[in-house]
Every structure is written in C-alpha cells, then in structure tokens.
Amino acid sequence: MNSSVNIKNKKAKYDYTLLDSYTCGIVLTGNEIKSIRNSNASLNNSFCECSDGELYVINLHIDQYGNSSEDNYNPKRKRKLLLNKQELRKIERDVRDVGITVVATSLFISKKGLAKLKISVAKGKREFDKRNVIKDRENKISLKRIKKNFNN
C-alpha cells in the first residue's frame, strides 16, 4: 500500500483565506482509486457544491487508470463526499454567506487505504491581499539571503 500519496491544491492558499477545514471520504470507482494511488489526480480549480443535503466535489480531475477497460470515462465527474450531518449543516450555513465557498485543499490515502479529501471553507482574497502575500514571501527570501551572506 502506497500511503505517500498526497496531492495538494497549491493555489488554494494563495487565492483564498482558509477558515475551517474538514477531512471527508469520497465515493470513487475501483479504477479511480487505483489511479489516485498512482498519483494521477489534480485538484486545480476544484470546489465543492451543496445540493439535496449532500456535498459534491466538482472539477476534481482523476485520470483514467491505464489498465482500465471502461468506456465513456469522465475524469471530472461530480463525486459525492462523505461527511456526517452536523458537518454538512455547518458547511451549508457557512456557504450561505456572500463570498464564502468550499475548496478542496488536498487528496490523500489514509492508513486504512481509503481515499480522503481535505476541504476548507474559504473566503476569496482580493488582488491587493495577493500582492501582499507575494511581497512578504519575497522579503523572507531576501532576509534569508542577507543572513546567509552575513554569517559567511
């Protein structure tokens, strides 16, 4: 069992302010879980949507497994997430606010061999917030460079 599978959505922290996070199961087919174990998945542009009292992940791209004989495979199909009722109600309440969404932040295989998706309730950042993040990151890099040159 390959428990080192950890697929992350790197843009989520940049584009959103992450508020609450949840770990949930995901309903997959056999070929999809095999593909995830081979790290053939992408969380870019994926988000979650509530409908009929259930939570679904949209735009989660899972490549078709190489040895699969499945025809008409849709790599970005809507997949159901498994959460308990209290968590679902809390997420639905949070999403009602304007500017709040649910994004997928990481996909991993648990110790029991099950695929788990880490989701976060998030608020979108404005352009100037993103510029501040870039500026802070560049300042940290230059400070490390200065310290390194000073110690030598």
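Note that the structure is a prediction, hence the values are computed from the model and not measured. When reading the values below, keep in mind they use all heavy atoms of this one structure, side chains included, and skip hydrogens, waters and symmetry mates.
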Between CD1 on residue I141 and CG on residue D136, distance to nearest 0.5 Å: 11.0 Å
Residue pair V27 / R79, side-chain heavy-atom distance below 4.5 Å: no
Shared hydrophobic cluster for Y56 and L107 (ILVMFWY, side-chain gaps under 4.5 Å): no
Atom CG of D52: over 12 foreign heavy atoms under 6.0 Å: no
Side chain T105, main chain K118, donor-acceptor under 3.5 Å: yes
Within one Ile-Leu-Val-Met-Phe-Trp-Tyr cluster: I58 and V103, side-chain cutoff 4.5 Å: no
Heavy-atom check, side chain of V102 versus side chain of Y22, under 4.5 Å: no
Verify same cluster id: L81, V121 (apolar side-chain graph, 4.5 Å): yes
Partner of L60 under side chain to side chain contact (heavy atoms under 4.5 Å, CB included), chosen from N45, I26, N9: I26
Separation of T23 OG1 from L82 CG (nearest 0.5 Å): 12.5 Å
From I146 atom CD1 to N149 atom CG, the distance as rounded to the nearest 0.5 Å: 8.0 Å
Heavy-atom check, side chain of E87 versus side chain of L55, under 4.5 Å: no
Same apolar cluster: L28 and I7, side chain cutoff 4.5 Å: yes
Carboxylate-amine/guanidinium proximity below 4.0 Å for K90 and D94: yes
R37 (side chain) donor-acceptor with A115 (main chain) under 3.5 angstrom: no
Spatial distance of atom OG1 (T101) from atom CD1 (I91) [nearest 0.5 Å]: 11.0 Å
S51 vs K78 side-chain heavy atoms within contact, under 4.5 Å: yes
